[in-house]
Protein chains: 2
Amino acid sequence: MLEKYVKLLKENSIKVTPQRLETLKYLDENRTHPTVDEIYSELKEKNPSLSKTTIYNSLETLKEHGIIQSLTISGTELRYDFENKIHHHFLCKKCGNIIDIDIECPNINKILNSGHEVEEVHGYFKGKCKKCMKKGS
Amino acid sequence: MLEKYVKLLKENSIKVTPQRLETLKYLDENRTHPTVDEIYSELKEKNPSLSKTTIYNSLETLKEHGIIQSLTISGTELRYDFENKIHHHFLCKKCGNIIDIDIECPNINKILNSGHEVEEVHGYFKGKCKKCMKKGS
DNA sequence: TATTATATTGTAATTATTACAAATTAGAAA
DNA sequence: TTTCTAATTTGTAATAATTACAATATAATA
């Protein structure tokens with residue numbers, strides 16, 4: 001069941017540890033762009049000796065290798081995304097949910113031609129989501 | 001000299017205070033997307049009794065009224081921009097500079113049609129800037 | 001000029017993240 | 001399988017950004 005994640009780590013020459021596997025599994029199964037604290041709190045249930053520093057370290061390592069990506073959409077805390085392909089995000093200021101927006105960025109080529117070397121592309125929209133709009137208030 | 005900023009505040013029915021004027025002036029004259037601390041440190045030179053909380057409050061008020069915008073590009077701290085029209089930004093991971101990228105976002109209409117209400121649009125690119133590329137290393 | 005709601009100040013609290021040393025462990029080599 | 005070592009995990013302490021809040025001061029109105 002964890003084979004998928006073992007493979008991911010080995011392909012990237014990253015040592016396979018239970019903490020890294022569980023972190024990956026959590027991100028894969030929770031596509032809600034969780035915070036470090038959300039990941040930590042959940043995983044600590046099953047592994048009480050888990051340290052939050054380990055979560056920080058694991059996420060950093062996974063990100064460095066391009067396996068996952070981090071979002072700076074909220075401004076106050078980092079959020080993580082198992083999906084590592086470029087896509088956009090919508091943050092609802094009302095309910096706090098972060099919604100995936102699957103659109104291409106047609107501007108990347110312009111940037112590439114500008115002489116800068118692009119490693120990350122982030123498209124963030126912020127406002128009130130469809131659901132919250134319907135609810136009114 | 002500060003008339004420009006007085007006008008901006010009055011147009012938005014915001015009380016005119018020296019702190020707000022100086023904050024606006026600083027942002028207008030420093031298009032480097034400064035942090036709260038940078039703004040505070042600089043303005044404190046001329047006004048030693050200035051409180052950092054005031055800078056936070058002023059920036060929040062100005063942002064609420066759409067006079068300035070905040071950037072969450074770095075993830076660890078907010079940055080502020082006098083330019084309030086939609087444009088993109090490039091963060092160089094080497095030198096830390098944030099460069100304005102004047103491109104349109106052709107995707108906004110897609111989002112608007114999706115049922116979400118969009119208040120902010122952020123386009124962030126991260127990597128190594130032209131200058132740092134030339135320097136090598 | 002007097003009044004009042006709002007803004008500023010200063011301090012303390014909160015929250016996210018990083019630093020770091022000691023203990024543990026994954027994976028290579030014997 | 002056992003040993004070894006570099007890398008990882010853990011736990012605590014430190015740092016940094018932001019927010020809360022009460023007391024004081026001030027802008028703008030009457």
Side-chain angles (χ1 to χ4, degrees), chain A residues 2-3 5-24 26 33-65 67 70-80 93 96, chain B residues 2-3 5-24 26 33-65 67 70-80 93 96:
Chain A
L2 291 171
E3 285 317 308
Y5 311 114
V6 172
K7 189 161 168 277
L8 257 179
L9 294 177
K10 288 197 169 163
E11 282 170 357
N12 285 273
S13 312
I14 303 172
K15 275 193 184 169
V16 177
T17 69
Q19 292 87 346
R20 286 171 177 165
L21 291 175
E22 289 300 325
T23 300
L24 266 177
Y26 182 86
H33 318 94
T35 62
V36 173
D37 202 62
E38 283 167 349
I39 301 167
Y40 169 68
S41 300
E42 181 65 24
L43 298 187
K44 195 173 176 64
E45 301 266 319
K46 290 234 170 173
N47 173 13
S49 76
L50 181 65
S51 170
K52 195 184 276 189
T53 302
T54 300
I55 301 298
Y56 274 101
N57 290 341
S58 296
L59 291 169
E60 178 60 23
T61 300
L62 294 169
K63 181 184 143 80
E64 269 173 10
H65 286 81
I67 299 174
S70 64
L71 308 183
T72 61
I73 193 168
S74 92
T76 58
E77 73 218 329
L78 284 175
R79 290 173 170 272
Y80 288 88
K93 293 178 177 181
Chain B
L2 291 171
E3 284 316 308
Y5 311 114
V6 171
K7 189 161 166 278
L8 257 180
L9 294 176
K10 287 196 171 165
E11 282 170 357
N12 285 273
S13 312
I14 303 172
K15 276 192 184 171
V16 177
T17 68
Q19 292 86 348
R20 285 171 179 167
L21 290 174
E22 289 301 324
T23 301
L24 265 178
Y26 182 86
H33 318 94
T35 62
V36 174
D37 202 63
E38 283 166 350
I39 301 167
Y40 170 70
S41 300
E42 181 66 22
L43 299 186
K44 198 175 175 63
E45 301 265 321
K46 291 234 168 174
N47 172 11
S49 75
L50 181 65
S51 170
K52 195 184 273 190
T53 301
T54 300
I55 301 297
Y56 274 102
N57 290 340
S58 297
L59 291 169
E60 178 60 22
T61 300
L62 295 169
K63 181 184 143 81
E64 270 174 8
H65 286 81
I67 298 173
S70 66
L71 308 183
T72 61
I73 193 168
S74 92
T76 58
E77 72 218 331
L78 284 176
R79 290 173 171 272
Y80 288 88
K93 292 179 178 181

* Asked: Mapping B:V36 and B:K10 to their closest nucleotides on DNA chain D, which lands nearer the 5' end?
  ->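 Looking at DNA chain D, the more 5' nearest nucleotide goes with B:V36.
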* **More than 12 heavy atoms of other groups within 6.0 Å of A:K7 NZ** => no
Whole-Å gap separating [atom2] ([N]) and [atom1] ([X]):
X     : N      : atom1 : atom2 : result
A:I55 : C:dT18 : CD1   : P     : 14 Å
B:I14 : D:dA28 : CD1   : C1'   : 15 Å
B:E64 : C:dT6  : CD    : P     : 13 Å
B:L50 : D:dA25 : CG    : P     : 16 Å
B:L78 : C:dT15 : CG    : C1'   : 14 Å
A:R20 : D:dT10 : CZ    : P     : 11 Å
B:K52 : D:dC21 : NZ    : P     : 20 Å
A:E77 : C:dT17 : CD    : P     : 7 Å

So, is [X] close to the [N] phosphate, meaning a side-chain N or O under 4.0 Å from OP1 or OP2?
X     : N      : answer
B:T17 : C:dT8  : yes
A:T54 : D:dT10 : yes
B:Q19 : D:dT26 : no
A:S51 : D:dT9  : no
A:S49 : D:dT10 : yes

* Of the listed nucleotides C:dG10, C:dT18, D:dT18, the one nearest the side chain of B:Y56 ->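 Out of C:dG10, C:dT18, D:dT18, the nucleotide with an atom closest to B:Y56's side chain is D:dT18.
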* Asked: Of the candidate nucleotides D:dT10, C:dA16, D:dA17, which contains the atom at the shortest distance from the side chain of A:N57?
  -> D:dT10
* Taking the side chain as every heavy atom from C-beta outward, state whether B:H65 and B:L9 have any atom pair closer than 4.5 Å. => no
* Asked: Going by heavy atoms in the side chains, are A:V36 and A:E77 under 4.5 Å from each other?
  ->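 Side-chain contact under 4.5 Å: no.
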* Which residue lies toward the 5' end of DNA chain C, B:T61 or B:T53, if each is placed at its nearest nucleotide? -> B:T61
* Asked: Want to settle it: does A:D37 or A:P18 sit nearer the 5' end of DNA chain C, counting the closest nucleotide to each?
  -> A:D37
* Asked: Do A:T54 and A:T17 pass the side-chain contact (heavy atoms from CB on, under 4.5 Å) test, and can you show the C-alpha distance, the side-chain angles, and the key distance before you say yes or no?
  -> CA-CA 11 Å; A:T54 300; A:T17 69; over 6 Å; no
* Tell me what B:T76 touches on the nucleic acid: a base, only sugar-phosphate, or nothing, going by heavy atoms under 4.0 Å. =>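 Sugar-phosphate, no base atom in range.
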* How far does OG1 of A:T23 sit from OH of A:Y40, to the nearest 0.5 angstrom? -> 12.0 Å
